[in-house]
Amino acid sequence: MEIFCKKNHINNDSLIKESKGLELLEEILLSSNSSIKIPRVYSVDRKELKIEKIDSKISTSQHMKRLGIELAKLHKIEFPDFGLSYDNYIGLNLQKNILTDNWGEFFFTYRLDFQVQMIKNKNIKDEFEIILKKYKKRLIDFFNDTTKHASLVHGDLWSGNVLFDQDSIYLIDPAVYYGDREVDIAMTHMFGGFSNDFYENYNLNYPLSYEYETKEILYNLYHYLNHYNLFGNSYLSSCIRGFEFINKI
């Protein structure tokens, strides 16, 4: 078995938290008899994570159909609380967590507002803060009213974090927590999206909410803010569009 070694050049525990996320995903996937797999973790410390190397191939129609079906199965599993009992990471940024029964408050405070507080440009930070403060109650109520239960979400589910070999589907690089399952579907639409086979089969097995299109914009605002804080101005326009959308709801 070949080994892939992921290095960490920053003195933090992000690789350890990534390993914990892989372990949690694997536990729940196995308990639901899912065919989605997690690469085997061989060792981890603050400097490196050694995992099973996947001989990744281009996905087929059957791969994407099965991914949609199996992700819906994962998302149907209900958990008592939203959030997570420990902090982890989204990319190289800290992802703050608590456990709570209030999804709207959690996403507003620990996802949107937390990222806004990280913004270094005072003018932009102040502008976004004003909008969040103005619409705080409306956003929290909207998230709570349109979310049925907490699901285990991958948390960073873009196409680069799903691998396919000849027969299997693997999830990698999670930023797990318990949240509205539609945060995962929203992120699949970033950076090119998944195929129609995926969305059709997911929706057949667990139909998206009536409000999903609105939620997609709001949930992906978190990721655009994170990318802006990590990579700079190329993501600012996407953040601005997200806050302009908040101003209209």
Checklist entry - Okay, side chain of S32, backbone of L29: is any donor-acceptor separation there less than 3.5 Å? => result yes
Determine whether a donor-acceptor pair (N or O, by modelled atom type, separation under 3.5 Å) exists between the side chain of T109 and the backbone of E105.
yes
Hits for salt bridge (charged side-chain N to carboxylate O under 4.0 Å, His left out) against K7, two or more places apart or cross-chain, chain-then-number order -> E48
- Task: Please determine if K20 forms a cation-pi arrangement with Y86, meaning its NZ or CZ atom is less than 6.0 Å from the six-membered ring centre and no more than 45° off the ring axis.
- Result: yes
Note to self: Do L49 and F4 have side chains that approach each other closer than 4.5 Å (heavy atoms only, starting at C-beta)?
What the structure shows: no
- prompt: Would you find a donor on one side and an acceptor on the other, under 3.5 Å apart, between the side chain of Q95 and the backbone of A175?
  reply: yes
In short, salt bridge (Lys or Arg N to Asp or Glu O under 4.0 Å) pairs touching residues 88-99 with sequence neighbours left out are D87-K96
Indicate yes or no for a side-chain donor-acceptor contact from N201 to the backbone of M64 under 3.5 Å, with no hydrogens or angles considered.
no
Item to complete: Say whether Q117 and D113, considering side chains only, have a donor N or O and an acceptor N or O under 3.5 Å apart.
Response: yes
Open item on the list: Tell me whether the count of non-hydrogen atoms from other residues, nucleotides or ligands lying under 6.0 Å of CD in E23 goes above 12.
Closed with: no
Only pairs under 3.5 Å count here: list side-chain donor-acceptor contacts from residues 75-82, not counting sequence neighbours, and write none if there are none.
residue: H75; atom: ND1; partner: Y202; partner atom: OH; Å: 2.8
residue: H75; atom: NE2; partner: D184; partner atom: OD2; Å: 3.0
residue: K76; atom: NZ; partner: N205; partner atom: O; Å: 2.8

Is there a path of hydrophobic side-chain contacts, each under 4.5 Å between heavy atoms of I, L, V, M, F, W or Y residues, that connects L94 with V153?
no
Between N121 (side chain) and I124 (backbone), is there a donor-acceptor pair under 3.5 Å? yes
(Q) Hydrogens and angles aside, do N88 and Y177 bring a side-chain donor and acceptor to less than 3.5 Å of each other? (A) no
- prompt: Should the pair K53-D55 be classified as a salt bridge under the 4.0 Å nitrogen-to-oxygen rule?
  reply: no
Note: with side-chain heavy atoms under 4.5 Å as the link, the other cluster members for I172 come out as I54, L163, Y170
Looking only at heavy atoms, the pair that brings L171 and P39 closest together is O-CD, 3.3 Å
Residues T214 and F142: closest non-hydrogen pair is CG2-CZ, 3.7 Å
| task | Using modelled atom types only, decide if a donor and an acceptor are shared between the side chain of R181 and the backbone of Y206 within a distance under 3.5 Å. | result | yes
| message | For the residue pair N93 / N229, report whether a side-chain donor-acceptor contact shorter than 3.5 Å exists. | response | no
Please check this pair: side chain of T100 against backbone of N102, looking for a donor-acceptor N/O pair closer than 3.5 Å.
yes
In short, salt bridge (Lys or Arg N to Asp or Glu O under 4.0 Å) pairs touching residues 143-159 with sequence neighbours left out are none
Next item on the list: Run the numbers on H227 and F191 for ring-ring contact (aromatic ring centres under 6.0 Å, His included), then give the verdict.
Entry: CA-CA 12 Å; H227 278 71; F191 312 119; 5.3 Å; yes
For residues 45-69, the ring pair (Phe, Tyr, Trp, His ring centres under 6.0 Å) pairs (sequence neighbours left out) are H63-F164
Distance col, row D197:CG vs E200:CD, nearest 0.5 angstrom, shows 6.0 Å
Salt bridge (charged side-chain N to carboxylate O under 4.0 Å, His left out) filter on E70, not counting sequence neighbours, yields K73
For T188 and Y199, does a side-chain donor sit closer than 3.5 Å to a side-chain acceptor?
yes
field: Donor + acceptor pair across side chains of R111, N97 (<3.5 Å)
entry: yes
So salt bridge (Lys or Arg N to Asp or Glu O under 4.0 Å) across residues 157-178, not counting sequence neighbours, yields K6-D173
### Query
Are Y219 and F107 close enough that some pair of their side-chain heavy atoms sits under 4.5 Å apart?
yes
- prompt: Heavy-atom distance under 4.5 Å between the side chains of F194 and S159, does that happen here?
  reply: yes
What one should report as the nearest heavy-atom pair of L157 and M187 is N-SD, 3.4 Å
| request: Say whether N12 and R46, considering side chains only, have a donor N or O and an acceptor N or O under 3.5 Å apart. | output: no
The remaining residues in the hydrophobic cluster of L204, counting side-chain heavy-atom contacts under 4.5 Å among Ile, Leu, Val, Met, Phe, Trp and Tyr, are none
Scanning both residues in full, the closest heavy-atom pair of R66 with S35 reads NH1-OG, 3.1 Å
What donor-acceptor contacts under 3.5 angstrom involve side-chain atoms of residues 231-244, with partners at least two apart or in another chain?
residue: S238; atom: OG; partner: R241; partner atom: NH2; Å: 3.1

The salt bridge (charged side-chain N to carboxylate O under 4.0 Å, His left out) partners of K137 (sequence neighbours excluded) come to D141
Sequence neighbours excluded, the answer for salt bridge (charged side-chain N to carboxylate O under 4.0 Å, His left out) partners of D180 is K215
